[in-house]
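A short write-up of the structure that comes next.
What you are looking at is a predicted structure, and each value in this text was computed from that prediction instead of being measured. Quick note: numbers below take in every heavy atom, side chains included, and nothing from hydrogens, waters or symmetry partners.
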Amino acid sequence: MSQVLFEGRLLVNMISTLLRKGALQVRYGRVNWERMFRTADYHRVANIVYLGLLGNGDLIPERWMGRFFERYQEALINGGSCEAAEQEILALLDMEKIPCVVLTSATIRGLYELPETADMSPLRLYLSTENYTLLKGFLVDLGYETIQSYGDFGERMHRISGMNVDIYQRLPFKTKYYEKGMRELTFRARVRNGGTSVRILYPEDRMVFRMASVAYQYVNDEIMLRDMLDLFLYHRVWREQLNHDYVKKKLQGFHVDALADRLLRLSYMWFGEKEDKEYMYAAGEQMEDLSSFDILENRIFSRGELGKEKETDPQVLGLARLLEKEEEKETREARRETRRQRKEEKKKARGRSLRWIFPDYKYMSGLYPTLEKAPFLLPFYWISRGVRLLFGMMKNKDQ
């Protein structure tokens, strides 16, 4: 087993053991703790891993144990303040009557038995372009600043307290299926209880959003263990109340229903318990059918370096092709825009040259006052000025 896969499975083992309150068994001699911390930090689960390492500090280098503790402490201290900051922003949106849709929020923290093991996930808001600019201004006044741009989609804003806010004027998904499907979810959103302008998704639509998002992230090799854990916890809490036929139908519109279902089942294999067995395997599924889950695991743990070449899932390959076409289209548009800008610059340069060779009447009148009485002599004075400048340059060259 490669080191990358060992580290990924060790992280899953640590998280699932904590969820089940079991005893953790680790062969610490195999662990490269620097790589382990960086892998856990990338997957945004370092604060959970710290709890799993308690009692084993003598087997872990002090430096890296300290780094895990830092992540745990950040989650412990900033979690409550982030929730308060989130409510402040949502209250401001309602007060100023700025319509928006909440895509994800800190409510996911409530699904964790220990809130400090949750991620400090950003508040993600979708607004019209006009309201996007308005909200950004309010956030700047509240002390937020942009720390990451999402191009034409939006940006991430941050305040020193640790609170991140993602604001979008376009939903951050490419391909026509995703654009259409995500817009439909936002159209259905309802105004939150006690609010006026802030709308939230229905539970089924939040489930669709999460499942479609992890499928999209998987194909882009951007999916993290935290995304899988949040998906698992959300489904486990709401599964008895969800309209599963509706969820499946919506995911079919994204053309990722089978892929999203396998990712959900993989999350149950990782983090579920015995009573969750029915959510781990499809009806009639045989052991030999589970090889596709190895590919899922390998790609997630290795960030796409392993397993990608063995991918045969038609939905994965189909979405990958569509995303590749979108990227090629963006590249072509970027090239066209670059050419347009170059032509515009050349046009401006020619204009500047012509204005220098043939200055306007007002400028020439300052040099040759007689023009004020005889404007029709302007061409003559252009020639006169040109000859004078030419002789001046030749004289300077001879010197």
- Query: Does the Thr117 side chain pair with the main chain of Glu113, one donor and one acceptor, at a distance under 3.5 Å?
  - Reply: no

- Using the ring-ring contact (aromatic ring centres under 6.0 Å, His included) rule, pick out the option among Tyr178, Phe173, Tyr216 that qualifies with Phe254. Tyr178

- Look at the side-chain heavy atoms of Ile, Leu, Val, Met, Phe, Trp and Tyr, link any pair under 4.5 Å apart, and say whether Ile147 and Phe153 land in one connected group. no

- How many angstroms lie between atom CG of Leu296 and atom OG of Ser267, to the nearest 0.5 angstrom? 11.0 Å

- hydrophobic_cluster_shared for Tyr144 and Val140, side chain cutoff 4.5 Å: yes

- Query: Arg265 and Phe293: side-chain contact (heavy atoms from CB on, under 4.5 Å), yes or no, with the steps?
  - Reply: CA-CA 9 Å; Arg265 287 194 282 140; Phe293 289 94; 3.8 Å; yes

- Chi angles and distances behind the salt bridge (charged side-chain N to carboxylate O under 4.0 Å, His left out) call for Lys248, Asp257: CA-CA 6 Å; Lys248 182 177 181 180; Asp257 51 309; 5.9 Å; no

- Query: Regarding Asp205 and Tyr246, is there a side-chain donor-to-acceptor distance under 3.5 Å anywhere?
  - Reply: yes

- Taking Asp227 for its side chain and Met224 for its backbone only, find out whether a donor-acceptor pair lies under 3.5 Å. yes

- Message: Has Asn47 got a side-chain atom pairing as donor or acceptor with Glu116's backbone, closer than 3.5 angstrom?
- Response: yes

- Is the closest side-chain heavy-atom distance between Gln241 and Pro203 below 4.5 Å? no

- Query: Once you round to the nearest 0.5 Å, how far does CG of Asp245 lie from CD of Glu204?
  - Reply: 11.0 Å

- So Arg299 and Glu311, salt bridge (charged side-chain N to carboxylate O under 4.0 Å, His left out) or not? Walk me through it. CA-CA 9 Å; Arg299 282 191 69 167; Glu311 193 71 72; 3.0 Å; yes

- Message: Is a donor from one side chain sitting under 3.5 angstrom from an acceptor on the other, for Trp270 and Glu297?
- Response: yes

- Query: Roughly how far apart are Leu53 CG and Phe69 CZ, rounded to 0.5 Å?
  - Reply: 13.0 Å

- Task: Kindly work out whether a path of hydrophobic side-chain contacts (I/L/V/M/F/W/Y, heavy atoms less than 4.5 Å apart) joins Leu242 to Tyr202.
- Result: no

- Task: Flag yes if Leu11 and Leu54 sit in one hydrophobic cluster, no otherwise; membership is Ile, Leu, Val, Met, Phe, Trp, Tyr, and two members link when side-chain heavy atoms are under 4.5 Å apart.
- Result: yes

- Quick one: do the Glu155 and Tyr132 side chains pair a donor with an acceptor below 3.5 Å? yes

- Task: Output, in order, the C-alpha distance, side-chain angles, deciding distance and verdict of side-chain contact (heavy atoms from CB on, under 4.5 Å) for Leu134 and Ile98.
- Result: CA-CA 8 Å; Leu134 189 59; Ile98 302 176; 3.8 Å; yes

- Item | Pairwise side-chain contact, Leu103 with Phe209, heavy-atom cut-off 4.5 Å (strictly under) | yes

- Task: Taking only Lys NZ, Arg NE, NH1 and NH2, and the carboxylate oxygens of Asp or Glu, determine whether Lys325 and Glu328 approach each other closer than 4.0 Å.
- Result: no

- Query: If only atom types and distance count, is the side chain of Arg156 paired as donor or acceptor with the main-chain N or O of Val165 below 3.5 Å?
  - Reply: no

- Query: Does the side chain of Asp230 come under 3.5 Å of the side chain of Tyr112 through a donor N or O and an acceptor N or O?
  - Reply: yes

- Message: I'd like to check Glu83 versus Gln87 (side-chain heavy atoms, cut-off strictly below 4.5 Å). Are they in contact?
- Response: no

- Note: Ser197 and Asp94 closest approach over all heavy atoms is N-OD1, 2.7 Å

- Query: Would you say Met95 and Ile167 are hydrophobically clustered, going by side-chain heavy atoms of ILVMFWY under 4.5 Å?
  - Reply: yes

- Message: Looking at Arg321 and Glu324, is there a salt bridge between them, counting it only when a charged N and a carboxylate O are closer than 4.0 Å?
- Response: no

- Message: If you apply the rule salt bridge (charged side-chain N to carboxylate O under 4.0 Å, His left out), what do you find for Arg188 with Glu184, and how did you get there?
- Response: CA-CA 7 Å; Arg188 279 174 41 87; Glu184 288 177 353; over 6 Å; no

- Message: Show the nearest heavy-atom pair for residues Leu171 and Met182, with the distance to one decimal.
- Response: CD1-CB, 3.4 Å

- Note on the structure: Taking every heavy atom of Gly8 against every heavy atom of Leu225, the minimum-distance pair comes out as O-CD1, 4.5 Å

- Report the C-alpha separation of Asp119 and Arg109 in whole Å, then their side-chain angles, then the decisive distance to 0.1 Å, and conclude whether the salt bridge (charged side-chain N to carboxylate O under 4.0 Å, His left out) test is met. CA-CA 7 Å; Asp119 184 33; Arg109 292 174 59 83; over 6 Å; no

- State whether the side chain of Gln148 and the backbone N or O of Met157 hold a donor-acceptor pair below 3.5 Å, judged by distance alone. no

- Item | Donor-acceptor pair, side chain of Arg159 and main chain of Leu142, under 3.5 angstrom | yes

- Using modelled atom types only, decide if a donor and an acceptor are shared between the side chain of Asp276 and the backbone of Glu273 within a distance under 3.5 Å. yes

- Tell me yes or no: between the side chains of Tyr168 and Arg124, is some donor less than 3.5 Å from an acceptor? yes

- Item | Atom CD of Glu179 with >12 non-hydrogen neighbours under 6.0 angstrom | yes

- Item | Met228 vs Leu266 side-chain heavy atoms within contact, under 4.5 Å | yes

- Gap separating the CG atom of Leu229 from the NE2 atom of His43, nearest 0.5 angstrom: 12.5 Å

- Could you tell me how the ring of Phe68 sits relative to the ring of Phe37: parallel (under 30°), tilted (30 to 60°) or perpendicular (over 60°)? perpendicular

- On the ring face of Tyr42, is Arg303 found with NZ or CZ under 6.0 Å from the centre and within 45° of the axis? yes

- Item | Arg206 side chain to Leu201 backbone, donor-acceptor under 3.5 Å | yes

- Which class fits the ring pair His255 and Tyr177: parallel under 30°, tilted 30 to 60°, perpendicular over 60°? parallel

- Query: In terms of the angle between their ring planes, are His235 and Tyr279 parallel, tilted or perpendicular, with boundaries placed at 30° and 60°?
  - Reply: perpendicular

- Message: I'd like to know whether Val4 forms a side-chain contact (heavy atoms from CB on, under 4.5 Å) with Asn298, so could you lay out the CA-CA distance, the side-chain angles of the two residues, the decisive distance to 0.1 Å, and finally the verdict.
- Response: CA-CA 9 Å; Val4 170; Asn298 292 349; over 6 Å; no

- Please round to the nearest 0.5 Å and tell me the distance separating atom CG of Asp294 and atom NZ of Lys310. 8.5 Å

- Note on the structure: Taking every heavy atom of Leu18 against every heavy atom of Gly52, the minimum-distance pair comes out as CD1-N, 3.7 Å

- Task: Without swapping roles, check the side chain of Arg20 against the backbone of Gly272 for a donor-acceptor pair under 3.5 Å.
- Result: yes

- Looking only at heavy atoms, what is the nearest atom pair of Pro99 and Leu127, with distance? O-CD2, 4.0 Å

- Do other residues, nucleotides or ligands put more than 12 heavy atoms under 6.0 Å from the CD atom of Glu145? no

- Item | Distance-minimising heavy-atom pair for Glu305 and Glu309 | O-OE1, 4.5 Å

- Are Tyr50 and Arg71 close enough, and set up right, to give a side-chain contact (heavy atoms from CB on, under 4.5 Å), and what steps lead you there? CA-CA 8 Å; Tyr50 170 73; Arg71 293 294 183 264; over 6 Å; no

- For Leu259, does its backbone N or O pair with a side-chain atom of Gln315 as donor and acceptor, under 3.5 Å? yes

- Inter-residue atom distance Thr39.OG1 - Phe6.CZ, 0.5 Å rounding: 11.0 Å

- Query: Is atom CG of Asp152 surrounded by more than 12 heavy atoms (other residues, nucleotides or ligands) closer than 6.0 Å?
  - Reply: no

